[in-house]
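To start, the structure under review is shown below, and the notes come after it.
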2 protein chains.
Amino acid sequence: MRACAVIAEFNPFHNGHQYLLKTARKTSQADVMIVIMSGNFVQRGEPALINKWERAAVALQSGADLVVEMPTEYAVAAARDFAQAGVQIAQWLRADALAFGCETPGLDFQAQSRLLDRTFSEQDYNQSFASQLFAESSLSRSNDILGVNYAYWQLRLAPKLTLLPVERLQAGHLDQEIKGTIASATAIRQSIQRNDAQYQQAVPDRMKKVLERQKPVDWQAFWPFLEYRLKTTSAKELRQIRGINEGIENRILAQAAQSSSFMELMTNLKTKRYSYTSLQRKLTAILLNLRVLSPLQKTRLLAVNAQGQAYLREHDFREVLMTKVTKADFTASYQLTKRADELYQMVAPYEWGRTPILEKNVKEKTLTKKS
Amino acid sequence: MRACAVIAEFNPFHNGHQYLLKTARKTSQADVMIVIMSGNFVQRGEPALINKWERAAVALQSGADLVVEMPTEYAVAAARDFAQAGVQIAQWLRADALAFGCETPGLDFQAQSRLLDRTFSEQDYNQSFASQLFAESSLSRSNDILGVNYAYWQLRLAPKLTLLPVERLQAGHLDQEIKGTIASATAIRQSIQRNDAQYQQAVPDRMKKVLERQKPVDWQAFWPFLEYRLKTTSAKELRQIRGINEGIENRILAQAAQSSSFMELMTNLKTKRYSYTSLQRKLTAILLNLRVLSPLQKTRLLAVNAQGQAYLREHDFREVLMTKVTKADFTASYQLTKRADELYQMVAPYEWGRTPILEKNVKEKTLTKKS
């Protein structure tokens, strides 16, 4: 069976995502579409609007055959580490192609990725640096930049993986107004936050129903915990957190003492030096108490249909894929993802420790290689 | 002027405390009664029912002339460290006598204090150990044991300080039913928690009014923060906290995952090895992120009347007493007390950064030595 992977967040799942899955399947002639999805916290350094199980279920109903989770440590990292995890998991799961949305499909992503060789401390990769890095090139749009990062790791980790850029329809990633059935996730999230109905035309019915049923989660829900953490952590201790260095620890502590909400803290923190996203990522690292990135270990099955099941039975993925999470997994590779999930659970209860979502007729016992 | 010190928590201030202050003043023939009071967290490892300013104000109206604060780090420590801070502050403030309530006033506290020379790791001083230590002696009651600890430090830090044991009236420290106007603080707190009126006969009117006006604070109010902290801290990180060692970190993490309230956690944690109080102290250290005890630096003025003012003007206490807290103090000695206060503030708003309580006619400018 041919497999095509997509690295995604689906925050929330929208019509553009559905188009991407459909186009990728067609172009790659894949029998199985694998989605490598972020869990409850996403790359912008914020909680996902809706928990990962709901998003995985919608993905399964909307073109994915197999949804696995990118460990939270990597899901909330800057582009380079995020891309590394995505490409590594695609390679582990023997994907033939990696499809991704981009603004400039004609770009030579592999050639552009050589820019990334002008490397920098992994601790300090933030978006403003990325902007600087690419300032001399024609690269400026976020999905293109992400694509370049995929290409960087594809060359190193998965030489047989075919890169499949898919041009994004109409809306730019940052377009804010929703005019038709295609809109950026940013525009959709803003519509949801404004509590208007604009977003509804841009997401499939299944996602619409989830969003109507569940209160979307935002950073403010975690503010009491962040505030508590900052009030009880010294600058020296804060420097042990990933991405906290160069004096930002003092700025964060001083501004937190003046802020009475997450938005207020972000407004007080923002300077030219740090992008909004890079600041949010730092605050997420503090909230989750993330230290040095640990080596990537295993991915977790979130959802699967019969086609995905057939694929799982064709291969032996036991070394790289958890089809259920046992206590032994919790104590090692999955620890920080579990932490993020439990914390998400504290503000938005859901069945966090559940077993994967199986399409009707798919049995849990048949998720590993035929013996 | 002759000064007599009392080390106290006033949690809450009750008739027995009033008796102690009165008896101590009479016996010591003191012109000024100094109270060295715990702030917003107390030695049992729990938040004070009522914030420190309210308690200091009641003390000032009930027999104290000068109320200063024991830094929180020491106020929530086990008997030995708690006593060290108390005696050191009494010595700094040139007290002639140190009065304390006890069960056995005839005891030779100094002689008994030699038992403490059979010393132990400062990190691991907990009440069950104290019980073992004193098991061979006739010492078993908590105020007697505290008195022995005062005597230990008096011999080392303040040889000129006279120890003044005052026999507690009627009620034992742990008596639970309130029969007359004298009851233990434990019995009073239980009556308050049961929300009955029994306690009212055992506290002065001023304290009664405060308790009627303010919702008493309990550990459960801090449970979301403790739960969050435990969910985002590894066992290895937990071992950096004061008093967390010998595997208790694993037990705490495992039991916290099973507990949905502070009481439930305490019930799940309790074993013969650790007293209830020593466990609460450990959880307080985790909540406040207390590491190794830092050297004692300065005390803070909480409340003063004209008599106390005259005493302050007689001496030069600038090296040891903050009459107001400046930014410079916050960055050094007062840091952990400030942290505890801000945290207390998060669950029970009050004016935490206020200036000391001054009796009518006492002016802030006249709180230091006449020049």
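Chain naming here is simple, since letters A, B, ... match the order of the sequence lines and numbering starts at 1 in each.
- If you tally non-hydrogen atom pairs under 4.5 Å between each of P224(B), A340(B), A257(B) and chain A, the highest count goes to P224(B).
- Heavy atoms closer than 4.5 Å to chain B are found in the backbone of I286(A), but not in its side chain.
- Both the backbone and the side chain of L287(A) come within less than 4.5 Å of a heavy atom in chain B.
- The environment of K270(B) atom NZ is dense: over 12 non-hydrogen atoms of other residues, nucleotides or ligands sit within 6.0 angstrom.
- Between Y74(B) and F82(B), the distance from one ring center to the other does not fall under 6.0 angstrom.
- For the residue pair E237(B) / T233(B), no side-chain donor-acceptor distance below 3.5 Å is found, with atom types taken as modelled.
- For the set E227(A), K338(A), R229(A), the count of heavy-atom pairs under 4.5 angstrom toward chain B peaks at R229(A).
- A donor and an acceptor atom, one from each side chain of N40(B) and D341(B), are located under 3.5 Å apart.
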